[in-house]
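Residue numbers begin at 1 in each chain, while the letters A, B, ... track the order of the sequences.
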Number of protein chains: 2
Amino acid sequence: MPPTQPDATRARKAQAAEIERPAEGTLGQHAYDCIRSDILRGHFAPGSPLRLQALKDRYGLSFSPLREALNRLQSEQLVSSVAARGFRVTDISVAEMWDAIETRTLIDGEGLRRSIQRGDDDWEAQVLGTFHALSRVFERAFGQSGPIKDDDRDLLETRHAAYHRSLISASGSDWMLRFSTQLYQQTQRYRWPFFSGESGDALLKQSYLAEHREIAEHAVARREDEAVALLARSLHRTGEVIEELHGAAKG
Amino acid sequence: MPPTQPDATRARKAQAAEIERPAEGTLGQHAYDCIRSDILRGHFAPGSPLRLQALKDRYGLSFSPLREALNRLQSEQLVSSVAARGFRVTDISVAEMWDAIETRTLIDGEGLRRSIQRGDDDWEAQVLGTFHALSRVFERAFGQSGPIKDDDRDLLETRHAAYHRSLISASGSDWMLRFSTQLYQQTQRYRWPFFSGESGDALLKQSYLAEHREIAEHAVARREDEAVALLARSLHRTGEVIEELHGAAKG
DNA sequence: ACCGGATTTTCTTTCGAAAATCGGTGTCTT
DNA sequence: AAGACACCGATTTTCGAAAGAAAATCCGGT
């Protein structure tokens, strides 16, 4: 995509005032990206209120673009709002997680099936390519001991998302892609502590990567049922791991 | 739900100024409801731009609540926006319609399956009840000759939505319900001219009602496969009718 | 001490106007 | 005459402050 070479004014302002990077089209879009990212990576905890003043201070924006962003996020179930009491980060719960995971199993399963039926060379290349990229950052992130680095974690999440998207990218259905993305986003909130774990259970992480490889290989080999079944199992296992972690953290 | 006995101020204002009915929580919510309704029933044609000034005049609101509503509707794919050129009603196309219908077939199919497995007496009662209500207004609306009355059309649409929602209401999945609603909304935009037709093809409409009855009966009798297959066929047939009408209207 | 009810405080929500942007139009240069 | 550039009008986008609610606090009466 073109760089969208936007506005000289904002560039000037950024130089003059702060070195933030409002490289998007509108401030509203910028606010949307920032808040969304901060929610997904847990900077704003689930259930915590999103005070306008606090957001204004944090991002250096005015009410209007913030409100704009919050309303869009509300329709995506990342924030919820009550009458005249403002916005808060949508809560999470084990039941909600399972709902999201099972629904995603349905959508991604069908999406993968269709991709396998309709995907061309480019699709195969994309699946294998995104898996390769994922595995590389996976090794780098968990290969070394100690806590995972923030940059690695971001990249890991980005490539994990890209991989899963590629699996269903040839399905031909925009709605499925959209829903899948939304559900992925939702489960990402639960998965985050998993990725940030102390790499204690590297074994499990290893099998996680192996699963992803198998899915990719079945997919490009057009083994529909195997790929779909394996994807479903993988998603389900993720749910179980999360449930365990949550139980350990809260119980 | 409680009446949400809101604000004396707005009531005062309504008395003093105009007899509009802002009976919702916030003006933003009111704007959302109004615009959404106007889009769904075709007052704003697909693809047409939504100028803020025009909306302001039409609803007597200020920019902020309108913008709020438009942003939410954007996340629901009812309106789309370009950089700094404002909002417009999301376009429709035959391909998009089929995508929406097929995706809904997937979601509603699984939702119905689960409802049949898990639904209790209340669910059965709801399915039969909403169908009965639908059939009544159906007869009233199409029984008489001439064009359908606006009130009847609204009620028909409301009850049709309630019927379809009841089918999957016992699925236990909020995400499926949410997605189904969103897709239903989408297809409603295509279906509208169908319902407003001159009742020329009453025969087809009759079979449409019969299909719905059969689905309800199979559902409460817990005949899973039959109910799901029939629902899928019904959705598909709707698509074909719409495609035909669109071809006739535009081709 | 303790419970209603008014008041202050802290938010959100809404407004109206200012700032910025886009598309088009006319003019000037090559 | 063709292309580029700068202005103009119409719209969107953003701002800061006023207006409106909910929560918190404070006060007199029992």
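Checking dC11(C), dT14(D), dT11(D) against every side-chain atom of Leu27(A), the shortest atom distance belongs to dT14(D).
Going from atom OH of Tyr59(B) over to atom P of dT14(C) covers 16 Å, rounded to whole Å. Atom CG in Leu50(A) sits roughly 14 Å away from atom C1' in dC11(C) (whole-Å rounding). One can place CZ of Arg51(A) at 12 Å from P of dT13(C), the figure rounded to the nearest angstrom. Across the protein-nucleic acid pair, Leu55(A) atom CG and dC11(C) atom P stand 12 Å apart, rounded to whole Å. Atom CZ of Arg88(B) is separated from atom C1' of dC22(C) by 13 Å (rounded to the nearest Å). As rounded to whole Å, 17 Å separates atom P of dA21(D) from atom CG of Leu52(A). Whole-Å rounding puts the Gln53(B) CD to dG9(D) P distance at 18 Å. Lys56(B) has its NZ atom 13 Å from the C1' atom of dT11(D), to the nearest Å.
The stretch residues 62-87 of chain B comes close to DNA chain C through Ser62(B), Ser64(B), Pro65(B), Arg85(B), each having a heavy atom under 4.0 Å from the strand.
By the 30° and 60° cut-offs, the orientation of the rings of Phe44(A) relative to Tyr59(A) is perpendicular. Aromatic ring orientation, Trp175(B) versus Phe179(B): tilted (interplanar angle from 30° to 60°).
Counting only N and O atoms by type, the side chains of Gln53(A) and Asp57(A) include a donor and acceptor under 3.5 Å apart.
Around atom CG of Asp151(A), no more than 12 heavy atoms belonging to other residues, nucleotides or ligands sit under 6.0 Å away.
Applying the side-chain hydrogen bond (donor to acceptor under 3.5 Å, both in side chains) definition to pairs two or more places apart or across chains, those involving residues 80-91 of chain A are Gln74(A)-Ser81(A).
With sequence neighbours left out, the ring-ring contact (aromatic ring centres under 6.0 Å, His included) criterion links His236(A) to Trp98(A).
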